[in-house]
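Below, chain A is the first sequence line, B the second, and so on; all start at residue 1.
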2 protein chains.
Amino acid sequence: MSTDPRIRRSREQLRQALASLLQEVSYESLSIRDITARAQVGYATYFRHYSDKDALLMDLLTDSIERLQALLPPGVDATPAEEGAVIFEHMAQSHHIYSILLHGEGTQRILDEIRAVAVGEVIRHFQARPDSQVPLEVAATHLVDSLIALTRWWLLSGMPYSPQRMGQFYAVLVAEPVRSFLEPRPVALAAQPPAGR
Amino acid sequence: MSTDPRIRRSREQLRQALASLLQEVSYESLSIRDITARAQVGYATYFRHYSDKDALLMDLLTDSIERLQALLPPGVDATPAEEGAVIFEHMAQSHHIYSILLHGEGTQRILDEIRAVAVGEVIRHFQARPDSQVPLEVAATHLVDSLIALTRWWLLSGMPYSPQRMGQFYAVLVAEPVRSFLEPRPVALAAQPPAGR
DNA sequence: TGAGTTATGATACACGGTGTATCATAACTT
DNA sequence: AAGTTATGATACACCGTGTATCATAACTCA
């Protein structure tokens with residue numbers, strides 16, 4: 001599906017137009033007309049592919065985030081600082097697009113989606129320790145929100161510390177304190193999942 | 001100044017109109033025309049008092065935040081959990097307005113202002129410990145951002161825990177870990193400030 | 001009380017962005 | 001080659017913003 005070269009071309013032109021315009025002006029100040037003009041694509045054509053301005057941005061962001069997920073295989077035994085460094089490294093590589101996400105005016109909804117997915121992942125992989133003072137949901141939300149906030153501050157400030165250093169800050173300020181309330185869920189030992197097809 | 005009853009009346013009508021409309025619909029979906037209609041005030045009159053929609057919201061928020069600041073005298077010796085409970089208590093009282101601030105689409109800029117002031121306050125009252133692994137600015141930003149994020153999550157979730165409980169979460173997840181990197185600045189001992197009038 | 005000042009309401013306006021509709025044409029598929 | 005489908009161009013209705021104007025009402029101060 002969507003193998004029609006005209007469709008792929010239009011979408012690619014629009015994606016690249018947005019990416020290139022974002023290096024010049026703010027996301028909020030861009031109109032859809034601006035994007036279609038740069039993309040050399042008809043104005044009406046835009047709405048044949050994306051419902052609104054956010055949809056195109058989300059399209060770009062999805063790519064970056066999938067790349068980030070690939071960097072974080074679930075069962076790793078990396079230290080929090082190492083894991084954090086990987087994340088901040090990735091953020092630095094795609095800092096243009098993440099800056100828009102984290103500092104933009106109209107990107108709250110998109111960020112909320114991403115946040116929810118990330119919190120879900122944490123909950124899927126961790127559980128509250130028996131004597132934890134903090135519910136799982138609260139700790140997971142805090143973990144994700146703090147990482148986002150740290151990244152946000154870092155990008156906004158022009159990345160004044162190395163990704164490795166940021167990974168350490170994340171580890172000592174966020175991950176290690178949270179680890180005293182959460183522990184990894186025991187992995188399913190056997191290869192065969194119980195049932196449920 | 002601004003003692004003219006007509007001015008006070010217009011502003012008060014607008015403030016109350018926004019406050020009452022926010023109980024019914026989202027901030028983003030409100031137009032200035034909606035506000036002036038509810039306020040029984042001419043459309044053009046709005047711009048004689050507020051430059052745009054955010055300015056009126058900021059006006060409302062300023063009141064709430066001043067009330068919060070009054071609750072947090074600088075030199076208190078409360079525990080982090082107690083201090084947190086006071087903050088969450090206040091948030092609960094004015095949860096309507098803070099929900100708009102923390103979850104709204106067009107309130108990023110306002111929230112940034114507030115965040116910056118709060119970080120400045122933390123920096124004014126704390127300093128990095130000699131052996132701290134984390135710079136003062138990073139720790140202060142993390143402290144503020146995490147508190148905002150916790151509050152945001154709490155309000156969005158319908159305040160599922162008591163303010164006291166939230167204060168504890170804040171203490172163990174944020175404040176206490178940060179305190180291992182920051183310490184209160186030594187207070188100026190004498191009553192006479194040095195010079196500089 | 002009365003004269004001067006000023007905020008107001010009503011209205012009109014220019015501007016800019018969004019999203020839909022239409023239609024001839026070009027690009028694709030089979 | 002015939003049929004399908006995406007495209008560009010264009011026009012349009014809609015809505016919100018912020019400014020301008022002006023007669024009128026509300027206020028201040030003497």
Which pairs with one or both residues in [range] pass salt bridge (Lys or Arg N to Asp or Glu O under 4.0 Å), sequence neighbours excluded?
range                       : answer
residues 161-172 of chain A : none
residues 28-44 of chain A   : Glu24(A)-Arg38(A)
residues 121-133 of chain A : Glu121(A)-Arg124(A), Arg129(A)-Glu183(A)

Asp63(A): salt bridge (Lys or Arg N to Asp or Glu O under 4.0 Å) partners, not counting sequence neighbours: Arg15(A)

Set of salt bridge (Lys or Arg N to Asp or Glu O under 4.0 Å) partners for Asp145(A), sequence neighbours left out: Arg115(A)

Not counting sequence neighbours, which residues clear side-chain contact (heavy atoms from CB on, under 4.5 Å) with [X]? List them please.
X         : value
Ala92(A)  : Trp154(A), Met159(A)
Ser94(A)  : Ser64(A), Arg67(A), His90(A), Ile97(A), Tyr98(A)
Glu137(A) : Thr141(A), Trp153(B)

Rounded distance in Å - CZ (Arg8(A)) to P (dT7(D)): 12 Å

Value in whole Å for how far the P atom of dT29(C) lies from CD1 of Ile7(A): 10 Å

N/O (side chain, His49(B)) to phosphate O (OP1/OP2, dT8(C)) under 4.0 Å: yes

Phosphate OP1/OP2 of dT8(C): any Thr45(B) side-chain N/O under 4.0 Å: no

Nucleotide-resolved protein contact map, nucleotides 22-30 of chain D, B/S/- at heavy-atom distance under 4.0 Å: ---BBSS--

Within residues 169-182 of chain A or reaching into it, pairs that qualify as side-chain hydrogen bond (donor to acceptor under 3.5 Å, both in side chains) - sequence neighbours excluded: none

Charged tip of Lys53(A) within 45° of Tyr27(A) ring normal and under 6.0 Å: yes

Closest contact, heavy atoms only, Val174(A) versus Ser146(A): CG2-CB, 3.7 Å

Between the protein and nucleotides 13-20 of chain C, which nitrogen or oxygen pairs come in under 3.5 angstrom?
from: dT18(C); atom 1: OP2; to: Ile32(A); atom 2: N; distance (Å): 3.3
from: dG19(C); atom 1: N7; to: Tyr43(A); atom 2: OH; distance (Å): 3.0

Angle by which the axis turns from one end of the helix from dT1(C)-dA30(D) to dT30(C)-dA1(D) to the other, five pairs per end, to 10 degrees: 40°

Sugar-phosphate, base or nothing in reach of Gln13(B), heavy atoms under 4.0 Å: nothing

